[in-house]
Enquirer: 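What follows is a single structure, and I will ask about it in a moment.
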Amino acid sequence: MPAVSKGDGMRGLAVFISDIRNCKSKEAEIKRINKELANIRSKFKGDKALDGYSKKKYVCKLLFIFLLGHDIDFGHMEAVNLLSSNKYTEKQIGYLFISVLVNSNSELIRLINNAIKNDLSSRNPTFMCLALHCIANVGSREMAEAFAGEIPRILVAGDTMDSVKQSAALCLLRLYKASPDLVLMGEWTSRVVHLLNDQHMGVVTAAISLITCLSSKNPDEFKTCVSLAVSRLSRIVSSASTDLQDYTYYFVPAPWLSCKLLRLLQCYPPPEDGAVKGRLVECLETILNKAQEPPKSKKVQHSNAKNAILFEAISLIIHYDSEPNLLVRACNQLGQFLQHRETNLRYLALESMCTLASSEFSHEAVKTHIETVINALKTERDVSVRQRAADLLYAMCDRSNAKQIVAEMLSYLETADYSIREEMVLKVAILAEKYAVDYSWYVDTILNLIRIAGDYVSEEVWYRVIQIVINRDDVQGYAAKTVFEALQAPACHENMVKVGGYILGEFGNLIAGDPRSSPLVQFNLLHSKFHLCSVPTRALLLSAYIKFINLFPETKATIQEVLRSDSQIRNSDVELQQRAVEYLKLSSIASTDVLATVLEEMPPFPERESSILAKLKKKKGPGAVTVELEDGKERGELNGGGDRGGDAAIAASNASTPSPSADLLGLRSTAPVSGTTPSAGSLLVDVFSEAGPSATSAGVNDDGFLSSAPPTVASEDPAPPLPESDELLNKFVCKNNGVLFENQLLQIGIKSEYRQNLGRMYLFYGNKTSVQFVSFNTTVSCPGELQSQLNVQTKTVEPLVEGGAQVQQVINIECLTDFIDAPLLNIKFRYGGALQNISLKLPVTINKFFQPTEMAAADFFQRWKQLSQPQQEAQKIFKASHGMDTEVLKAKLLGLGTALLENVDPNPENYVCAGVIQTKAQQVGCLLRLEPNAQAQMYRLTLRSSKDTVSQRVCDLLAEQF
Amino acid sequence: MIGGLFIYNHKGEVLISRVYRDDIGRNAVDAFRVNVIHARQQVRSPVTNIARTSFFHVKRSNIWLAAVTKQNVNAAMVFEFLYKMCDVMTAYFGKISEENIKNNFVLIYELLDEILDFGYPQNSETGALKTFITQTGIKSQSKEEQSQITSQVTGQIGWRREGIKYRRNELFLDVLESVNLLMSPQGQVLSAHVSGRVVMKSYLSGMPECKFGMNDKIVIDKQGKGGGNGCQSIAIDDCTFHQCVRLSKFDAERSISFIPPDGECELMRYRTTKDIILPFRVIPLVREVGRTKLEVKVVIKSNFKPSLLAQKIEVRIPTPLNTSGVQVICMKGKAKYKASENAIVWKIKRMAGMKESQISAEIELLPTNDKKKWARPPISMNFEVPFAPSGLKVRYLKVFEPKLNYSDHDVIKWVRYIGRSGIYETRC
């Protein structure tokens, strides 16, 4: 670059700046600036042309004033003029001004682009560099449009100077990041990749940034870069520290370039070519070897550079996850760092080990460091390092060390920082659940958890305890005993009261034999906490009391007394009051038999993904989840940042229904539409529902649903149903919950429940935008004869849906007789003034009203024969459109609503199902037989029912499913 | 009550810090500096609330005075105290500047101890203070003198000591007014008011009883039944008095009687809004000639008796922000374009009443790509005239000293009227 000559010193500028610096007050500064601005204005206005030097000086002053925070509204033209100067300094100032001050201002951008174009086509490398820097600094869409085609040409041209190539590569990278659609590499790809072979290290460093970015977007096109990168890397790694001259940094050859190369390789799977792979492994080994060598310098820069390469290499090793030898070596290397003096190194080592722990090859090696990590958790001074240590403990946990790790984490929890407590609690809860060998240990752990960090124990954790206690007979007694003991502490956390209330309510009888925990003692213990609790807990306790009445008739009088007291029966909270009134009535009216049925022990919960895990995933953000999905292919036993483990003991099956919202106690039952007598099961569930006022027991609220809801009159005709709505319908034949519809604006989720001939559907309309929907209106209509077959009642929804909000609509469905069509759902709303009109088919199909029927083989065949008339049978032979997996088929058939009968058909490959379709008018028995033919990938489906239309319809529906 | 008092220089360095109450911590000093003195945007409000602490500040040249409190105090009282504090400091060592404050910091702490006790303002009368806080080192006072000071300071008339004696009994009365105006380009008065004060400097012997009379409308109307001379009366909107004035007597009879402190004091402050004599009229004429030129013509007319002379006249004509050059022609005085203030400043030394003068200017503009239109700030004016624009006249000031043998006739009295411009603006 040309040296700045003495005449370019710009004394005026220096004087001006020192004047400003010497100003005593803000006012004085403003005065000085005003004066200068007036001076510059008069100079720019002046008729005689300014010479380049003074133009540059004034533009510089303007720039300085702008950077001080004042508005500049002139001088752009002069700056653009400077661009065409031949002097480097003038051009530089011009470009500087433009990249700082020019926005996408229409008149000037053309002139600027012109000047840039001139500079790019000049053969002067410094000018080209300036122009490229300007493009990169502005980086606007306009710039990209104008120059995206030009720059790749400069980048790969043979006669371009190295320094220009560097600038061009970085400039292109910037444009690509700003507007990827405009930068089309196409024809240049291979030549850009070959820049990796360039003689000049600077060019390679610049180019590799570009290639890494490009190849992360479309890896296939840049595949060839792998071998080039490997050879380049091996050349650097094997070179002596003096070989690379300028690019050796504190005895480390080209550390930045090495890191970037290693990072580029992480975009790709391990190279398939054996030679390349061998070379790469050799490189990585060399890097690991070098880490063992004594440092060549005591300077911190030397070790920083060395470690940077090492960590990048380790993450590449982890990424490949195929070289057990390397993984173990990496792990040992990190182990050394765990006790290093540098906090940063310890942090990085813990972080990398976390990922290593999820690899099957190095898991054992990581486990050897458990003592060090526990020590770090206890003694480390930096909270972020402690957090990493906790993460690592979680990741390295397995059956062998679970007890130790959980105990350590629990003891650490007492002193842990508030910011990481909730996450720690979740982790402890998950580990305890996952590696529980005996459930008493699990219960102990969780109760301890609640005791130590009650505030941070989220709902999911204690839901889960209850789920497990209910599902496991062997632990119930122990749980009741432990809870009882825990509750005796003078101050216990509200979550403990919740768990205690629930478990004693269910299993209090198991410990009632002991005089120290007699029913009355239990009740008094619970009731002593009652007044300290919040409303939802009190509601739960009331439910526990009514259960006590059932379990221990001797407590009836005491409990009725409590329920009758004014603080319950006249409580200002509607929920509590209603519970008190209803329970009191229930206990005094119902006979013991009825009471026993109504207040029966909770049925086991369906096994599903642990809701705690879902919560942890949510906490960690979506990134963590995707990592898990990639990592957790076949590592059942490892926690690798999360877990997929199909752990046998718990069987936290992470399969079909990932719905964290379906919480343990919120299983709202469908209250019968015509229901005067709520069925026992429904009440039972409702009694324990925690879903707030909307889910109060029995049919009180439900009556409200039925009384109103006349079909709303729409101003415009409903749009015809979407073409894909039939497809959507098929999606829901075998399942009840899911996303019905989604576009850019709206998401409709669905949750439905059916019992006998009645159904209730919850529709969730989610506004995906940040703007509210106005005049939001939905109608459900039954076209044609469906009107006489199906009785659909809806509740109107709020006409306003706020941005990001979700509204819920309840639809009650009664099946009068069998039907074929589906009701139409029409949604209208205004989004930003434009009317949106969407019509969908509601996924209500005849099979939803199936009631499963279990029967023996003989029974089945007898009925099968009874329905032998030709019109009663419907048969279809069709090709499989999905895989013929047994489990999937079973799940689908169960989802259909029928009972799957085992050992009925002589051919074990075949599936046989039976069910009764409940309509108001009649009940239609239905038998089904599905015969898969694995070789031909065909199915034969036969349906027999007492009604011909039903057979046909069900057959049609089902044929679409396989 | 006031919890503490800080004085800062322009950089925000603390010059004086006096904390009176425990609820004001050390960090209050920094809080004010960070949030007010070094604030990104200029803080206009004189009261700032930071973390439940109130800061009241006034600025004298480059010096910030800030009073701090955590309680709900009477803000007017605090400001009155701060102004008084400024007066006292000026009386002791002249101009309030960083240099002076640093040189007198012992004195200032001494004063602060005296005039503010546990945050409650005390006697801040300069005359009284000067008797016992002196700058000339420790002057050993005799027992009698000391007891005399005590009895005076704690007595009924704390502002005046007994036994003052002058050979010539003299008194000076200044009526100082500042007139504020906002006028539309068409000459319509949008708002106008005068705030004035009567300052008295007395050199009288003994404990004289004084009575002050002016052409207050209420008083004149009351007397009007009997006498009824053609004297113009004025309506005073509100007024405040020096502590020496007997307020009970004012409330009952509307007569102002008092025993004045020795030396200078501000006898009263008042405000009027009706029948104001506007000393000058500004007639602006702005014409935009294309995008790059602006022609301005301003005429000023003096509107008072031709025998009187206005002084120190200064007209400030704002120029657009993209001014690149200005040519000015004026018949009287000197005019100059001041780029640092974005204004043309026209100065005239003297101007008699009922005259007019004009200036015309050509302003060249630099075309900008900014579409914002120039906001046209108003033309402002400064002047000084030898009469009271409110029309206030001193009718009499009688002095009675029954104990000593001089009468009202023996006192030499001087009266002076000065009208100054406050914010005197005309839109253009």
Side-chain angles (χ1 to χ4, degrees), chain A residues 16 19-50 54-55 58-59 61-62 65-81 97-98 101-112, chain B residues 8-13 15 33 36-44 59-64 97-99 290-294 316-328 336-345 361-375 377:
Chain A
F16 172 61
D19 275 1
I20 297 261
R21 297 241 159 99
N22 290 333
C23 280
K24 287 225 163 150
S25 63
K26 193 111 187 162
E27 294 79 45
E29 185 185 309
I30 290 171
K31 274 190 177 170
R32 181 71 184 86
I33 286 171
N34 278 339
K35 193 173 152 198
E36 195 60 46
L37 283 176
N39 175 34
I40 298 171
R41 279 196 299 262
S42 68
K43 285 287 188 326
F44 282 175
K45 176 76 178 184
D47 299 325
K48 60 175 194 299
L50 288 171
S54 32
K55 220 183 260 177
Y58 293 128
V59 166
K61 284 182 179 175
L62 285 179
I65 293 171
F66 176 78
L67 294 177
L68 282 177
H70 300 264
D71 279 340
I72 297 295
D73 51 8
F74 66 99
H76 301 74
M77 205 51 221
E78 281 72 18
V80 173
N81 284 344
F97 185 89
I98 282 161
L101 261 149
V102 170
N103 37 29
S104 45
N105 168 329
S106 54
E107 309 146 37
L108 281 173
I109 220 84
R110 204 172 40 81
L111 287 171
I112 295 168
Chain B
Y8 302 86
N9 67 3
H10 72 278
K11 289 185 211 150
E13 289 163 354
L15 303 178
R33 179 185 30 242
V36 180
I37 302 181
H38 291 163
R40 273 171 187 278
Q41 266 100 35
Q42 198 188 357
V43 175
R44 289 242 174 100
K59 216 180 158 198
R60 286 284 177 271
S61 65
N62 274 334
I63 299 297
W64 301 73
S97 65
E98 186 176 348
E99 182 83 3
R291 276 191 69 200
T292 60
K293 209 163 163 191
L294 200 68
R316 179 177 293 264
I317 305 160
T319 55
L321 291 174
N322 55 346
T323 305
S324 62
V326 178
Q327 271 100 46
V328 215
K336 210 174 150 191
Y337 166 59
K338 282 203 172 165
S340 60
E341 288 151 46
N342 281 320
I344 300 167
V345 179
E362 250 180 43
I363 300 170
E364 281 178 69
L365 303 175
L366 190 75
T368 63
N369 35 23
D370 211 5
K371 302 291 180 286
K372 257 188 288 171
K373 217 171 169 286
W374 180 44

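Each chain gets a letter, A, B and so on, in the order the sequences are listed, and its residues count up from 1.
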Enquirer: Among A:Arg41, A:Glu36, A:Lys26, which residue forms the greatest number of heavy-atom pairs with chain B at distances under 4.5 Å?
Expert: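 Looking at each of A:Arg41, A:Glu36, A:Lys26 in turn, A:Arg41 comes out on top.
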
Enquirer: Check whether B:Asn322 gets within reach of chain A through its side chain, its backbone, both or neither, counting any heavy atom under 4.5 Å.
Expert: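 Its backbone and side chain both get close to chain A.
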
Enquirer: Quick one: pull up CG in A:Asp71 and CG in B:Leu321 and give me the separation to the nearest 0.5 Å.
Expert: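 The CG atom of A:Asp71 sits 9.5 Å away from the CG atom of B:Leu321.
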
Enquirer: State whether the side chain of A:Lys31 and the backbone N or O of B:Glu341 hold a donor-acceptor pair below 3.5 Å, judged by distance alone.
Expert: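 Between the backbone of B:Glu341 and the side chain of A:Lys31 there is no qualifying donor-acceptor contact (under 3.5 Å).
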
Enquirer: Which distance, rounded to the nearest 0.5 Å, do you find between the NZ of B:Lys11 and the NZ of A:Lys24?
Expert: 7.0 Å

Enquirer: I need the minimum non-hydrogen distance between A:Ala38 and B:Ala339, along with the two atoms involved.
Expert: CB-CB, 3.2 Å

Enquirer: A:Lys45 and B:Leu365: which non-hydrogen atoms are nearest, and at how many Å?
Expert: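 Scanning both residues completely, I find the closest heavy atoms to be NZ-O, 3.0 Å.
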
